[in-house]
Amino acid sequence: MATITNETVNHAIDYILEHINEELSVDDVAAHCHFSKYHFGRMFKEQTGESVYAFMKRLKVEQSAFRLKVEPKRSVTDIGYAFGYSPSNYSWLFRQQYQTNPVNFRRNCYQATIQHPFFHNTFSEMESFEECNQKITVKTLPDYYVVYERRIGSYRYLSRQWRYFIEKYREFVNADTQFLERTFDDPAITDQNGCLYDICMSVDKSVSLENTFTIEGGKCAVYSYKGLGKHIYAAYQTIFTVWLPQTPYTLDSRSGFDIYHMVDSESGYMELDICLPLK
């Protein structure tokens with residue numbers, strides 16, 4: 001697990017995510033950050049462990065795989081085109097990363113999801129649509145101005161990371177503070193050591209730290225989660241593979257986030273809202 005402390009690299013990652021569906025070159029990203037391609041490339045790899053090109057290539061295929069999963073009625077060809085791939089190129093690149101083609105990936109994604117080590121459900125099944133739907137409300141959320149720290153790697157030590165984060169920014173905590181986590185990947189699709197996420201805490205807009213940004217609210221499916229932390233993965237996967245395919249809703253390009261309401265560090269019990277932006 002690595003903490004990405006260089007804000008230029010963080011801005012570059014944000015830029016890549018915002019333009020993931022476009023033809024984007026390493027030169028484009030370096031120019032956006034006002035650095036030479038070579039200096040920027042060294043800086044990026046030092047922080048992320050990947051070259052800019054490898055990062056963009058991996059992210060693009062992973063994001064397309066996620067769309068295959070959550071938009072089962074959309075054709076493979078259409079999803080490939082949306083990410084800038086011809087059918088033959090898409091199948092070849094996809095196989096390079098996942099050792100299978102997009103059609104078989106989609107066909108097997110439900111089974112792969114429940115066989116993942118993060119899926120701790122004893123009965124090896126997800127909630128029904130009805131059970132999931134009772135916990136979801138579609139609502140319009142506000143924007144959240146936050147201080148954040150970005151991590152890339154496994155979620156394994158997340159509780160420890162939260163303790164360090166809260167202690168570091170304790171001076172900004174007040175009665176209205178909200179604790180959020182912004183996620184960019186589906187760990188059923190992205191290797192656990194490559195997951196990108198932001199640990200966040202709402203702060204007053206007068207706070208002028210370098211590592212602040214606004215999490216965009218808007219229309220979201222909000223799943224009210226109450227349970228052990230180890231079961232959050234199953235809740236997410238139920239939304240992705242059971243709830244979304246049976247609703248008229250489609251996820252948009254904004255990143256999802258969690259809003260924590262209560263955490264018992266001893267038992268692992270927590271209450272939070274899983275917020276997934278909708279078109």
Side-chain angles (χ1 to χ4, degrees), residues 1-70 76-102 105 148-155 182-200 210-216 251-257 277:
M1 188 277 297
T3 302
I4 304 176
T5 56
N6 187 307
E7 282 306 299
T8 298
V9 173
N10 279 325
H11 290 320
I13 291 171
D14 291 337
Y15 183 71
I16 291 167
L17 286 163
E18 289 167 10
H19 299 273
I20 197 71
N21 292 352
E22 302 172 21
E23 289 291 330
L24 199 61
S25 68
V26 176
D27 290 303
D28 293 331
V29 182
H32 175 75
C33 295
H34 307 292
F35 278 93
S36 73
K37 174 181 176 180
Y38 301 103
H39 178 68
F40 174 72
R42 288 194 299 270
M43 184 168 56
F44 190 94
K45 188 166 186 177
E46 184 179 88
Q47 287 276 299
T48 67
E50 290 183 281
S51 70
V52 184
Y53 175 76
F55 180 86
M56 290 195 299
K57 179 184 173 185
R58 174 176 68 84
L59 211 65
K60 190 181 281 278
V61 175
E62 287 172 354
Q63 292 293 317
S64 74
F66 179 66
R67 291 294 161 175
L68 289 172
K69 178 175 179 174
V70 300
V76 170
T77 300
D78 184 46
I79 290 174
Y81 276 133
F83 285 87
Y85 300 124
S86 68
S88 58
N89 283 344
Y90 184 45
S91 184
W92 182 77
L93 286 166
F94 200 95
R95 187 179 290 277
Q96 274 196 321
Q97 191 152 324
Y98 291 110
Q99 292 73 57
T100 188
N101 62 46
F105 176 89
Y148 78 104
E149 289 190 356
R150 178 163 291 168
R151 309 292 205 272
I152 185 165
S154 173
Y155 293 102
R182 187 165 69 152
T183 55
F184 301 93
D185 306 293
D186 175 357
I189 291 173
T190 299
D191 182 274
Q192 65 172 319
N193 294 316
C195 288
L196 190 70
Y197 56 98
D198 295 336
I199 295 175
C200 312
E210 186 181 28
N211 55 325
T212 53
F213 70 88
T214 298
I215 295 178
E216 188 179 353
L251 297 179
D252 74 7
S253 59
R254 290 171 293 155
S255 299
F257 55 94

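Minimum heavy-atom separation, L196 to I152: CD1-CB, 4.1 Å. Between L251 and R67, the closest heavy-atom pair is O-NH1, 2.8 Å. Taking every heavy atom of both residues into account, T77 and P87 meet most closely at CG2-CG, 4.1 Å. When all heavy atoms of Y90 and S64 are compared, the closest pair comes out as OH-OG, 2.9 Å. Heavy-atom minimum distance, F94 versus L68: CE1-CD1, 3.7 Å. In plain terms, the two heavy atoms of C200 and I215 that are nearest each other are SG-CD1, 4.0 Å.
Under a 3.5 Å cut-off, the side chain of N10 and the backbone N or O of I4 do form a donor-acceptor pair. In terms of modelled atom types and a separation under 3.5 Å, the side chain of K60 and the main chain of I20 share a donor-acceptor contact. Of the possible donor and acceptor atoms, one in the side chain of Q47 sits under 3.5 Å from a partner among the backbone N and O of N6. Of the possible donor and acceptor atoms, none in the side chain of N193 sits under 3.5 Å from a partner among the backbone N and O of G153.
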- Message: Walk me through whether E149 and D198 qualify under side-chain contact (heavy atoms from CB on, under 4.5 Å).
- Response: CA-CA 6 Å; E149 289 190 356; D198 295 336; over 6 Å; no
- Could you go through the side-chain contact (heavy atoms from CB on, under 4.5 Å) check for T183 and Y155 one step at a time? CA-CA 11 Å; T183 55; Y155 293 102; 4.1 Å; yes
- Item | Test log, rule side-chain hydrogen bond (donor to acceptor under 3.5 Å, both in side chains), inputs E62 and T190 | CA-CA 7 Å; E62 287 172 354; T190 299; 3.1 Å; yes
- Message: Run the side-chain contact (heavy atoms from CB on, under 4.5 Å) test on I13 and F55 for me, step by step, so that the C-alpha distance in whole Å, both residues' side-chain angles and the decisive distance to 0.1 Å come before the verdict.
- Response: CA-CA 9 Å; I13 291 171; F55 180 86; 4.1 Å; yes
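T8 places a side-chain heavy atom less than 4.5 Å from the side chain of M43. A heavy-atom distance below 4.5 Å is not found between the side chains of Q63 and I189. Between F105 and V76 the shortest side-chain heavy-atom distance does not fall below 4.5 Å. Taking 4.5 Å as the limit, every side-chain heavy atom of H11 sits out of range of all side-chain heavy atoms of F213. Between C195 and S154 there is no side-chain heavy-atom pair separated by less than 4.5 Å.
Note on E50 versus K45: no salt bridge recorded, every NZ/NE/NH1/NH2 to OD/OE distance being 4.0 Å or above. Using a cut-off of 4.0 Å between Lys/Arg side-chain N and Asp/Glu carboxylate O, D14 and R150 are scored as salt-bridged.
F184 and Y197 have their aromatic ring centers separated by at least 6.0 angstrom. Proximity of the aromatic rings of H19 and Y15 is defined here by a centroid distance below 6.0 angstrom, and this criterion is met.
Atoms CZ and CZ, on F35 and F44 in that order, are 13.5 Å from each other to the nearest 0.5 Å. The distance from the CZ atom of R151 to the CD1 atom of I199 is 4.0 Å, given to the nearest 0.5 Å. M56 contributes atom CE, which lies 8.0 Å from atom OG of S51 (distance to the nearest 0.5 angstrom). Here the CG-NE2 distance, from D27 to H32, works out to 14.5 Å after rounding to the nearest 0.5 Å. In this structure, CD in E18 is found 9.0 Å from OG in S255, a value given to the nearest 0.5 Å. For the atom pair F83 CZ and D78 CG, the distance stands at 10.5 Å (nearest 0.5 Å).
The number of heavy-atom neighbours closer than 6.0 Å to CD of Q96, taken from other residues, nucleotides and ligands shown, is above 12. Counting heavy atoms of neighbouring residues, nucleotides and ligands inside a 6.0 Å radius, atom CD of E46 does not exceed 12 of them.
Counted by atom type alone, T212 and Y148 present zero donor-acceptor pairs between their side chains at under 3.5 Å.
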